[in-house]
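Quick notes on the structure that follows.
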Amino acid sequence: MCEFCHKHGEGKKWYLQAQNYSEDLLSDLRRRRFIQGFISDPEYFRQALRKIEALRRLPSFVRAVITPIAVYRQKRSHYGQVLPIEDVERIFGFVNSVTRLPCLCRQATVGSEQRHCYALSMVPHKQSRLLEVVRAVDASYLTGPDTSGLEALSKEETLASIRLLEKKGLCHTVWTFITPFIASICNCDRSDCVAMRATVNMDYPMMFPAEYVAEINPDSCNGCRRCMRVCQFGAMGYSIAQERVAIDTRRCYGCGICRASCTRNAIVLSDRSAVPRATHVR
Ligand code: SF4
Ligand code: SF4
């Protein structure tokens with residue numbers, strides 16, 4: 001279990017606790033202001049990336065002091081966790097409204113509109129304070145002058161679209177807006193997503209690995225390497241001698257994207273806590 005499960009999940013998966021999605025948490029004005037600032041400032045992500053890049057240029061002993069402090073702050077404000085599709089489905093067991101919006105992160109990094117972010121609320125759209133907060137800000141850079149860029153989707157439509165994104169190789173993540181309040185699921189990739197880039201390439205964690213780890217049944221694997229092409233975390237290697245793919249459980253984030261690409265059902269996700277070599281990836 002990750003740190004948030006212990007702090008905000010009573011020892012269970014924190015993102016499966018309905019209270020962490022509660023609209024009551026939005027009565028906190030500081031949280032509302034945080035969300036509004038986050039959405040209305042297109043520079044937020046570019047600045048975050050610049051700061052992380054600057055951190056990497058510092059001497060290692062300085063970085064070793066500053067990084068844990070910066071990550072501690074990050075965990076209190078906006079932090080994520082990777083999760084496989086079955087846990088996305090579990091979340092939709094208690095979420096009652098979903099709004100799809102263009103990914104803020106990609107808008108900043110590649111300047112293109114990619115609708116991979118889903119704002120979640122436990123109450124229907126008309127009663128959602130979260131949507132009130134989102135609609136109240138000037139996000140015209142993101143959605144155009146009106147708010148029609150915010151699409152209300154049914155749970156079924158949302159799950160179908162997230163499954164399609166999984167087939168394309170995107171990794172599901174869940175996000176806090178002043179922890180422990182959870183307001184969104186995103187679908188990330190290493191080239192465009194600030195958080196994934198920072199976590200995987202820049203030694204600056206912005207998300208926990210999933211509570212799972214992938215394992216391969218070598219008897220079912222034919223060595224086609226399709227799964228290797230979609231792993232965002234560099235956790236897979238090919239053994240020329242065995243003509244099979246192997247997973248480095250110490251690097252695996254348990255997203256399950258490799259599993260979705262395997263036509264031979266050779267990959268399963270196991271509980272991370274049951275795989276001793278994987279427990280330190282936290
Ligand atoms: S996609 Fe499946 S069969 Fe192909 S290498 Fe990966 S695990 Fe093996
Ligand atoms: S090996 Fe599979 S489950 Fe692990 S990080 Fe790579 S794609 Fe995700």
Side-chain donor/acceptor pairs under 3.5 Å, residues 183-191, sequence neighbours excluded:
residue	atom	partner	partner atom	Å
N187	OD1	H172	ND1	2.7
N187	ND2	H116	O	3.1
D189	OD1	R106	NH2	2.8
D189	OD2	S191	OG	3.0
R190	NH1	Q232	O	3.0

Show which side-chain atoms of residues 65-74 pair as donor or acceptor with protein atoms under 3.5 Å away, not counting sequence neighbours.
residue	atom	partner	partner atom	Å
T67	OG1	R63	O	2.8
Y72	OH	R76	NH1	3.2
Q74	OE1	Y204	OH	3.3
Q74	NE2	H78	O	2.9

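Taking hydrophobic clusters as Ile, Leu, Val, Met, Phe, Trp and Tyr residues chained together by side-chain heavy-atom distances below 4.5 Å, L16 shares a cluster with V98. No continuous path of hydrophobic side-chain contacts links I247 to I257 [ILVMFWY only; heavy atoms under 4.5 Å]. Residues V213 and M236 do not share a hydrophobic cluster, defined by chaining ILVMFWY side chains whose heavy atoms lie under 4.5 Å apart. In terms of hydrophobic clustering, with Ile, Leu, Val, Met, Phe, Trp and Tyr side chains grouped at heavy-atom distances under 4.5 Å, F92 and W175 are assigned to a common cluster. Residues F181 and F38 are members of one and the same hydrophobic cluster, defined by side-chain heavy-atom contacts under 4.5 angstrom among Ile, Leu, Val, Met, Phe, Trp and Tyr.
Taking 4.5 Å as the limit, every side-chain heavy atom of S220 sits out of range of all side-chain heavy atoms of N265. Counting heavy atoms from C-beta outward, T158 and V95 have side chains that stay 4.5 Å or more apart. Side chains of I267 and V245 form no contact here, defined as non-hydrogen atoms less than 4.5 Å apart. With a 4.5 Å cut-off on side-chain heavy atoms, E23 and S121 count as touching. At least one side-chain heavy atom of N96 sits under 4.5 Å from a side-chain heavy atom of K155. For the pair V82 and Y212, the minimum side-chain heavy-atom distance is 4.5 Å or more. Between R90 and L83, the closest side-chain pair of non-hydrogen atoms is not below 4.5 Å.
The salt bridge (Lys or Arg N to Asp or Glu O under 4.0 Å) pairs that include a residue from residues 223-232 number zero, where partners must be two or more places apart or lie in different chains. Residue pairs meeting the salt bridge (Lys or Arg N to Asp or Glu O under 4.0 Å) criterion with at least one partner in residues 44-57, sequence neighbours excluded, are E43-R46, E43-R50. Among pairs with a residue in residues 236-249, those fulfilling salt bridge (Lys or Arg N to Asp or Glu O under 4.0 Å) read D248-R250, at least two apart in sequence or across chains. Pairs of residues two or more places apart, or lying in two chains, never qualify as ring pair (Phe, Tyr, Trp, His ring centres under 6.0 Å) while including a residue from residues 182-203. Sequence neighbours left out, the pairs with a member in residues 223-248 that pass ring pair (Phe, Tyr, Trp, His ring centres under 6.0 Å) are F233-Y253. Residue pairs meeting the salt bridge (Lys or Arg N to Asp or Glu O under 4.0 Å) criterion with at least one partner in residues 159-188, sequence neighbours excluded, are E89-R163.
Distance alone, capped at 3.5 Å, places no donor-acceptor pair between the D271 side chain and the S273 backbone. Within the 3.5 Å criterion, the main-chain N or O of K75 finds a donor-acceptor partner in the side chain of T179. A donor-acceptor distance shorter than 3.5 angstrom exists from the side chain of R31 to the backbone of F177, with no hydrogens or angles considered. Side-chain atoms of K12 never come within 3.5 Å of backbone atoms of Q17 as a donor-acceptor pair (strictly under, hydrogens ignored). A donor-acceptor pair under 3.5 Å is formed between the side chain of T199 and the backbone N or O of M206. Using modelled atom types, no side-chain atom of Q81 and backbone atom of T173 make a donor-acceptor pair closer than 3.5 Å.
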| request: Test H8 against T176 for side-chain contact (heavy atoms from CB on, under 4.5 Å), laying out the working first. | output: CA-CA 11 Å; H8 309 296; T176 65; over 6 Å; no

| So M202 and L55, side-chain contact (heavy atoms from CB on, under 4.5 Å) or not? Walk me through it. | CA-CA 9 Å; M202 300 165 86; L55 186 60; over 6 Å; no

| request: Please test E211 against C2 for side-chain contact (heavy atoms from CB on, under 4.5 Å), starting from the C-alpha separation and ending with a verdict. | output: CA-CA 7 Å; E211 300 300 329; C2 75; 3.6 Å; yes

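Surrounding CD of Q242 are at most 12 heavy atoms belonging to other residues, nucleotides or ligands under 6.0 Å away. Within a 6.0 Å radius of CD in E10, other residues, nucleotides and ligands contribute 12 heavy atoms or fewer. The neighbour count for I240 CD1, taken as heavy atoms of other residues, nucleotides or ligands under 6.0 Å away, does not exceed 12.
Within the model, atoms CZ of R264 and CG of N222 stand 4.5 Å from one another, a figure rounded to the nearest 0.5 Å.
With sequence neighbours excluded, no residue forms a salt bridge (charged side-chain N to carboxylate O under 4.0 Å, His left out) with D203. For S154, the side-chain contact (heavy atoms from CB on, under 4.5 Å) test picks out E156, E157, with sequence neighbours left out. The ring pair (Phe, Tyr, Trp, His ring centres under 6.0 Å) test applied to F94 returns Y21, not counting sequence neighbours. Residues that satisfy the ring pair (Phe, Tyr, Trp, His ring centres under 6.0 Å) test with Y79, not counting sequence neighbours, are F4, F208.
Nearest approach of V275 to S270, heavy atoms of both residues: CG2-CB, 4.3 Å. The minimum heavy-atom distance linking L153 with S161 is given by the pair CD1-OG, 4.5 Å. Taking all atoms of both residues into account, the shortest heavy-atom contact from C258 to C227 is CB-CB, 3.7 Å. Taking every heavy atom of both residues into account, I91 and Y15 meet most closely at CG1-O, 3.6 Å. Counting all heavy atoms, side chain and backbone alike, C103 lies closest to C117 at CA-SG, 3.6 Å. Closest approach of S261 and V230 over heavy atoms only: OG-CG2, 3.8 Å.
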